[in-house]
There are 2 protein chains.
Amino acid sequence: MNFDDKIPIYYQIKEYIYRQIITGKLEPGEKIPAVRQLAVDLTVNVNTIQRALSELVTEKMIESKRGRGNFVTEDINKVKELKGKLIMEQLKQMYDSLRKLNVSDQEILDYVSQYINKQERDQK
Amino acid sequence: MNFDDKIPIYYQIKEYIYRQIITGKLEPGEKIPAVRQLAVDLTVNVNTIQRALSELVTEKMIESKRGRGNFVTEDINKVKELKGKLIMEQLKQMYDSLRKLNVSDQEILDYVSQYINKQERDQK
DNA sequence: ACTAGTGTTATATTCGTCTATTACACTATA
DNA sequence: TATAGTGTAATAGACGAATATAACACTAGT
């Protein structure tokens, strides 16, 4: 994993797990890799993994079963809500940042449209 | 100022100054408020201001004149480049984040369009 | 009952950020 | 030339994040 050194690692791991759940790489009820395994995979300390997971437990995105493992919530609505929330956060951040740079609504839309066209061109 | 506790304050101050320059609140060649004044205004320590400004000096976005103050670069192209760079960073971050959530290019465009329409409605 | 696999907790250490404080260096001007 | 205003630098302390390491608690399967 490529971590941004401006943001706490445990927080970025949280977002990583969010993505796994939202994209279905981890399905509802599925067992999450063991904390020691995650620590190896992400090359961080077990305590750092634990810090991330414990917050996910608090949010009830995962359930922790001592001796057995951590499991993704069965609550499908919760997953959908999370996805919507994360999308909105991204939109808001982009929008607010550009507005603070005096970019108009129309310009923002144009920039995004151009950016996406470029991505599609570069893809092939 | 409202600082995000997940990101170093000195870094957020850097971005704050960027915005002042880009939006023309600080014009090319203009003197930046004194470090002690900035410290009071932003309610942070002088050293934290200094940390931000010293990076801006390294990037040649500002020029420091001992005993006189800090001054915005006269290089207008540099300012324009900075604005473009910051805009691109925002677009990229939003785009990459949503793509990681399996949101398609078309959906991204729709979301942004809807979001902007909502902002315009809420504005009045 | 043992053991391997799992989550949980705790300690000590290092590191970066931020603060408070003090001191020093330079400039402009009264 | 004295002084107020400016940037610069250094110290010591507090704090959170992350690490290495160890120990503890529970579960499932042999």
Side-chain angles (χ1 to χ4, degrees), chain A residues 1-18 20-21 25-74, chain B residues 1-18 20-21 25-74:
Chain A
M1 277 273 278
N2 275 347
F3 294 114
D4 180 340
D5 66 6
K6 299 278 190 309
I7 300 172
I9 294 175
Y10 80 88
Y11 190 81
Q12 297 179 63
I13 292 175
K14 236 180 105 172
E15 294 181 316
Y16 169 75
I17 307 280
Y18 278 157
Q20 303 288 303
I21 295 176
K25 291 191 185 73
L26 286 174
E27 297 183 348
E30 187 177 348
K31 181 169 176 295
I32 291 172
V35 290
R36 288 173 184 78
Q37 187 59 48
L38 279 175
V40 171
D41 294 347
L42 305 181
T43 57
V44 297
N45 190 272
V46 175
N47 290 322
T48 306
I49 298 290
Q50 195 64 20
R51 170 80 186 265
L53 295 188
S54 74
E55 295 204 0
L56 292 173
V57 168
T58 301
E59 298 167 11
K60 294 199 200 309
M61 282 309 302
I62 68 175
E63 201 174 339
S64 175
K65 303 192 178 175
R66 199 190 189 91
R68 298 189 49 213
N70 289 289
F71 300 83
V72 178
T73 178
E74 305 266 12
Chain B
M1 276 274 278
N2 275 348
F3 293 114
D4 180 340
D5 66 8
K6 299 276 190 310
I7 301 172
I9 294 176
Y10 80 87
Y11 191 80
Q12 297 179 63
I13 292 175
K14 234 179 107 174
E15 294 181 317
Y16 169 76
I17 307 279
Y18 278 158
Q20 302 289 304
I21 295 176
K25 290 191 187 73
L26 286 174
E27 297 185 347
E30 186 178 348
K31 181 170 177 295
I32 291 172
V35 291
R36 288 174 184 78
Q37 186 59 48
L38 279 175
V40 171
D41 293 347
L42 306 181
T43 56
V44 297
N45 191 272
V46 175
N47 290 322
T48 306
I49 299 290
Q50 194 64 21
R51 171 80 185 263
L53 294 188
S54 74
E55 294 203 1
L56 293 172
V57 168
T58 302
E59 298 167 10
K60 295 200 202 305
M61 283 307 304
I62 69 174
E63 201 175 339
S64 175
K65 303 192 177 176
R66 200 188 188 91
R68 298 190 48 214
N70 289 288
F71 300 83
V72 177
T73 178
E74 305 265 12

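Below, chains carry the letters A, B, ... as their sequence lines are ordered, and counting in each starts from 1.
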Which residue lies more 5' along DNA chain D, comparing B:G69 with A:I9 via nearest heavy atoms =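 Looking at DNA chain D, the more 5' nearest nucleotide goes with B:G69.
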ask   = Toward the 5' end of DNA chain D, which comes first, B:P33 or A:Y11, by nearest nucleotide?
value = B:P33
Under 4.0 Å from OP1 or OP2 of [N]: is there any side-chain N or O of [X] that close?
X     : N      : result
A:R51 : D:dA18 : no
A:T48 : D:dT19 : yes
B:Y10 : C:dT17 : yes
B:S54 : D:dT8  : no
B:R68 : C:dC26 : no

key: Passing candidate, side-chain contact (heavy atoms from CB on, under 4.5 Å) with B:I49, options B:D41, B:L38, B:V40, B:N70   =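 Only one option passes, and that is B:L38.
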ask   = Just how far, in rounded Å, is C1' of D:dG7 from CD of B:E63?
value = 13 Å
Nearest-neighbour nucleotide for the [X] side chain, [options] considered:
X     : options              : answer
A:A34 : C:dT6, C:dT8, C:dT19 : C:dT6
B:V35 : D:dT8, C:dT6, C:dT17 : D:dT8
B:Q50 : D:dG7, C:dT9, C:dT6  : D:dG7

For [X], I'd like to know if atom [atom1] has over 12 heavy atoms of other residues, nucleotides or ligands within 6.0 Å.
X     : atom1 : result
B:K6  : NZ    : yes
B:Q12 : CD    : yes
A:E55 : CD    : yes

message = If you assign A:G67 and A:D5 each to the DNA chain C nucleotide with the nearest heavy atom, which residue ends up on the more 5' nucleotide?
response =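 Counting from the 5' end, the first nearest nucleotide belongs to A:G67.
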inquiry  = For a quick check of understanding: with a heavy-atom distance under 4.0 Å over all strands, which category does B:R66 fall into, base, sugar-phosphate or nothing?
reply    = base
N/O donor-acceptor pair, side chain [X] with base [N], under 3.5 angstrom:
X     : N      : value
A:N47 : C:dA10 : yes
A:R36 : C:dG7  : yes
B:N45 : C:dA20 : yes

